[in-house]
Amino acid sequence: MVITGEIKQDTVAYADFEKFENQVVTIKGTIHNIRMMSDFAFVIVRTARETVQCVYAEEFSDYRMSEDVKEECAAKVTGKVVAGETKDGGKRYELQIHNIELLSHPADIPPVVITKKQVNCDLSTNLDYRPVTLRNPKERAVFKLQEGIQRGFREYLTKQGFTEIHSPKINFAGAEGGTNVFKLDYFGKKVFLAQSPQLYKQALVAVYERVFEIAPVFRAEHHDTSRHLNEYVSMDFEMGFIEGFEDIMNMETGVLKYIMELLRTEYANEVALLKVDLPVITEIPCIKFMDAKELLMKKFKYKPSDMKDFDPEEEQLLGKYAKKELGSDFLFVTHYPSKKRPFYTMDDPADPEYTLSFDLLFRGLEITSGGQRVHDYNAQVEKMKSLGMNPEEFETYLMLHKYGAPPHGGLGLGLERLTMHLLGAKNVREATMFPRDINRVTP
Ligand code: AMO
């Protein structure tokens, strides 16, 4: 045996069919659907990213299809590439079958129908059978699109000089405070699952200046809501030597523009299949938190229950306002009250009741929190004490401040929430491959 690092390629991808028109090629994939007609049959083959229409008819070759050819068999299908027309006049290739070589046989038929345009069952059943339902072209397109979002985030930030990091998920402290932290018994010691990479990404601005991470984080959400998960993918970045927290918002706007363009160009099939309404971003408008509250009360006659934060309905109203009056799918809300932001947030020197922080709303849903951080050691220790925290418990975090940190800031962007609102989905679980919530840890 000789291992050279090269993988023998004896099959062709659908994307290359144009080059092989009227030639005989082999594709590999799964028999997705068989539709028998009177004197021919459609055999739809599901390949890595497309479904390929293959046609079986006795006139095409001596090959005779056996009864073993069943849905969900892995197969190599050989045939002649022929061009046809789509309903809207586009070009579409199909394969006239010369041979089917079966590579595997399923032991049973799928528990839910995955061959229709849509998986027709309720969300809970869909999630119960995720390894199967994800095979449906529409379902899997969601996560291909999600790949595009992460790719865009990674590509753009790498081009901007950011270093990709991986921070530990077993931590000495919960970074975000609150009660939604998972406690863990770590050989008799109490530790926590990371709520975010916050403490580590900050430490690393003094090392690399600009860092980013795309990784799961954990929140012990005690309620079953349509927008909260117990494990989600956080796309974080942190940058040093900022002039102000506007630098963070500008970087995020750049990232989002890049992501949308990447989806438009390289994920066009998924965008079309899922009917994604990609937002066009030129600039993103900003509103101060208290101005937004006033707007909600005056314009929408809304009576807020909490003057320190927004409830989901307020976010939706602000989303409507941004779209209708400002022509934007996005809205930055800045200067959140200090009382509602975590200990690492820098207060606004002009008015310390408020912070140099922001949230980004996308179509009426918070998808990002970010802002400038405290970088001065004494200021951070004082802030911790004023919040009733014990700085000694954060000794390793405070090494950043003690031994010198540049002015810095960053953000966390929830991948599933962004995907959810791109899809126009009602529940964040629709945009989560294998969701973890208060009632679900399987599959
Ligand atoms: P925050 O806690 O606001 O900020 O989280 C940032 C973003 O993560 C997403 N998100 C969630 N998504 C799904 N399920 C959840 N339970 C959940 N909780 C949060 C949201 C949210 O906007 N360290 C800061 C970020 C920073 O300042 O850099 C943080 O984690 O989209």
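Each ligand, and each atom within it, is numbered from 1 in the order the structure gives. Because only heavy atoms are used, hydrogens play no part in the values below, and waters and symmetry mates are left out as well, while side chains stay in.
- Sorted by first and then second residue, the pairs that involve residues 283-293 and meet side chain to side chain donor-acceptor pair (under 3.5 Å), not counting sequence neighbours, are Lys293-Glu314.
- At most 12 heavy atoms of other shown residues, nucleotides or ligands fall within 6.0 angstrom of atom NZ in Lys28.
- Protein residues having a heavy atom under 4.0 Å from any atom of ligand 1 are Glu176, Ser196, Gln198, Lys201, Arg219, Glu221, Arg227, His228, Leu229, Tyr232, Tyr344, Glu366, Ile367, Thr368, Ser369, Gly370, Arg373, Gly410, Leu411, Gly412, Gly414, Arg417, listed by chain and number.
- Partner of Phe289 under the ring-ring contact (aromatic ring centres under 6.0 Å, His included) criterion, out of Tyr354, Phe332, Phe358, Phe310: Phe310 alone.
- Residues satisfying the salt bridge (Lys or Arg N to Asp or Glu O under 4.0 Å) criterion with Glu313, sequence neighbours excluded, are absent altogether.
- Within the cation-pi definition used here (under 6.0 Å to the ring centroid, within 45° of the axis), Arg210 does not qualify as a partner of Phe241.
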Compile the donor-acceptor pairs under 3.5 Å between side chains in residues 190-208 and protein atoms, sequence neighbours left out, one pair per line.
unit_1: Gln195; atom_1: OE1; unit_2: Ala175; atom_2: N; d: 3.2
unit_1: Gln195; atom_1: OE1; unit_2: Glu176; atom_2: N; d: 2.9
unit_1: Gln195; atom_1: NE2; unit_2: Gly177; atom_2: O; d: 3.1
unit_1: Gln195; atom_1: NE2; unit_2: Asn180; atom_2: OD1; d: 2.8
unit_1: Ser196; atom_1: OG; unit_2: Glu176; atom_2: OE2; d: 2.4
unit_1: Ser196; atom_1: OG; unit_2: Gln198; atom_2: N; d: 3.1
unit_1: Gln198; atom_1: NE2; unit_2: Gln202; atom_2: OE1; d: 3.0
unit_1: Lys201; atom_1: NZ; unit_2: Asp236; atom_2: OD2; d: 2.7
unit_1: Lys201; atom_1: NZ; unit_2: Phe237; atom_2: O; d: 3.4
unit_1: Lys201; atom_1: NZ; unit_2: Glu238; atom_2: OE1; d: 3.4
unit_1: Lys201; atom_1: NZ; unit_2: Leu411; atom_2: O; d: 3.0
unit_1: Gln202; atom_1: OE1; unit_2: Tyr397; atom_2: OH; d: 2.9
unit_1: Gln202; atom_1: NE2; unit_2: Tyr397; atom_2: OH; d: 3.2
unit_1: Gln202; atom_1: NE2; unit_2: His408; atom_2: NE2; d: 3.0

